[in-house]
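Notes for the one structure printed next.
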Number of protein chains: 2
Amino acid sequence: MLTIGTLAKKTGTKVQTIRYYEQIGLMPEPDRTEGGQRRYGDAELDRLSFVRHARQLGFSLEAIRELLDLGDHPGKSCAEADAIARRQLKQVEQRLARLKALRTELKRMVQECSGGQTADCRVLEVLRDHSECLTDHEEIGA
Amino acid sequence: MLTIGTLAKKTGTKVQTIRYYEQIGLMPEPDRTEGGQRRYGDAELDRLSFVRHARQLGFSLEAIRELLDLGDHPGKSCAEADAIARRQLKQVEQRLARLKALRTELKRMVQECSGGQTADCRVLEVLRDHSECLTDHEEIGA
DNA sequence: CTTGAAGCTACATACACTGTAGCTAATGGG
DNA sequence: CCCATTAGCTACAGTGTATGTAGCTTCAAG
């Protein structure tokens with residue numbers, strides 16, 4: 001039986017985050033000691049590892065909820081899990097494209113800064129005047 | 001004199017967002033009509049354009065606050081603005097690198113899915129067992 | 001039996017908005 | 001001048017994904 005702290009260490013999660021996952025129903029309510037402390041078994045360790053790994057791959061908690069549910073029904077079609085993963089891949093590719101445009105713009109901004117006074121600063125100038133941008137970039141909220 | 005709605009349209013911002021920026025002190029308190037409605041001039045239009053453009057480039061509101069402050073003092077050294085932009089560029093490059101690793105992993109996951117039952121689903125399997133990953137990826141919170 | 005680490009709950013905070021409810025002002029047409 | 005519509009107003013709650021804090025309790029080792 002693992003304490004919450006041990007589980008946290010084993011999965012690279014903060015203790016609060018585990019309690020948060022429990023609160024939103026992503027992790028089950030575990031057994032408790034007489035004193036009221038949480039104790040976890042291997043099933044919980046596996047589940048939390050799955051969650052953390054999926055989070056590292058950028059899946060939302062909602063997507064993870066679906067994936068967990070699919071995993072709980074071994075007879076179900078794999079197609080849904082595949083769709084979720086494909087959706088995620090697409091999102092990642094979109095973000096990549098946007099970030100690349102941003103990098104270009106930022107690089108240009110920084111390269112042109114001559115180190116003088118802010119009155120002539122290229123960084124501020126570029127920010128002031130969008131028309132100077134060579135690329136499209138619409139990053140907000142990504 | 002522009003209404004908040006016109007300003008919103010011209011800058012591609014939601015009306016609420018403009019009021020939010022005012023609330024957090026990023027935009028000044030504008031003049032009001034007798035009836036209490038906000039009216040904006042060109043200075044505000046410029047300022048908001050600057051803010052939105054910087055947001056599109058991924059700068060945080062805090063960074064933007066600093067940049068605005070630098071812009072208000074034309075005699076100051078450009079170095080600070082440059083440092084902020086460089087910091088931002090570095091962040092973008094880090095995110096790019098991480099996203100590339102993620103894409104690789106997700107692509108592999110999706111390619112291997114044979115479309116059978118979830119019991120044999122490669123997508124779920126990969127998520128279950130981190131050791132199957134070929135690349136490092138530590139995306140959370142990016 | 002004591003001590004100190006680790007656990008507990010409940011609540012606040014972060015970021016950058018977005019949405020809602022319920023009301024008021026401004027504007028254009030008849 | 002009156003009415004309807006559009007746009008504005010405030011105040012507050014909610015989003016997602018945690019993280020931090022205060023003040024208390026339990027557990028395990030010595």
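The analysis underlying the following values was restricted to heavy atoms, covering all of them including side chains, and did not include hydrogens, waters or symmetry mates. Sequence lines set the chain letters: A, B, ... in the order given, protein chains first and strands last, and positions in each chain run from 1.
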Under-3.5 Å N/O pairs linking protein and nucleotides 23-27 of chain D:
unit_1: D/dC27; atom_1: OP1; unit_2: A/Thr33; atom_2: OG1; d: 2.8
unit_1: D/dC27; atom_1: OP1; unit_2: A/Gly35; atom_2: N; d: 3.1

Using the side-chain hydrogen bond (donor to acceptor under 3.5 Å, both in side chains) rule, take B/Arg86 and B/Gln88 through it: C-alpha gap first, then chi angles, then the decisive distance, then the call.
-> CA-CA 5 Å; B/Arg86 276 176 202 281; B/Gln88 180 61 20; over 6 Å; no
Give the rounded distance in Å between these two atoms: CD1 of A/Ile24 and P of D/dA18.
-> 8 Å
So, is A/Tyr21 close to the D/dA18 phosphate, meaning a side-chain N or O under 4.0 Å from OP1 or OP2?
-> yes
Selection: residues 6-20 of chain B, any non-hydrogen atom under 4.0 Å of DNA chain C | B/Lys14, B/Gln16, B/Thr17, B/Tyr20
With a 3.5 Å cut-off and no angle check, do the side chains of A/Arg52 and A/Tyr21 form a donor-acceptor pair?
-> yes
So do the side chains of B/Asp46 and A/Arg128 get within less than 4.5 Å of each other, counting heavy atoms only?
-> no
Indicate yes or no: at least one non-hydrogen side-chain atom of B/Lys10 is less than 4.5 angstrom from one of B/Leu45.
-> yes
B/Arg38 side chain near D/dT10 phosphate (N/O to OP1/OP2, under 4.0 Å) = yes
Has B/Arg52 got a side-chain N or O lying under 4.0 Å from the OP1 or OP2 atom of C/dA16?
-> no
Quick one: are B/Glu44 and B/Pro28 in side-chain contact, heavy atoms under 4.5 Å?
-> yes
State plainly whether the residues A/Glu22 and A/Arg38 are in salt-bridge range, i.e. N to O under 4.0 Å.
-> yes
Would you kindly give the CG-to-C1' distance between B/Leu2 and C/dA26, to the nearest whole Å?
-> 16 Å
Salt bridge flag under 4.0 Å for residues B/Lys90 and B/Glu93 | no
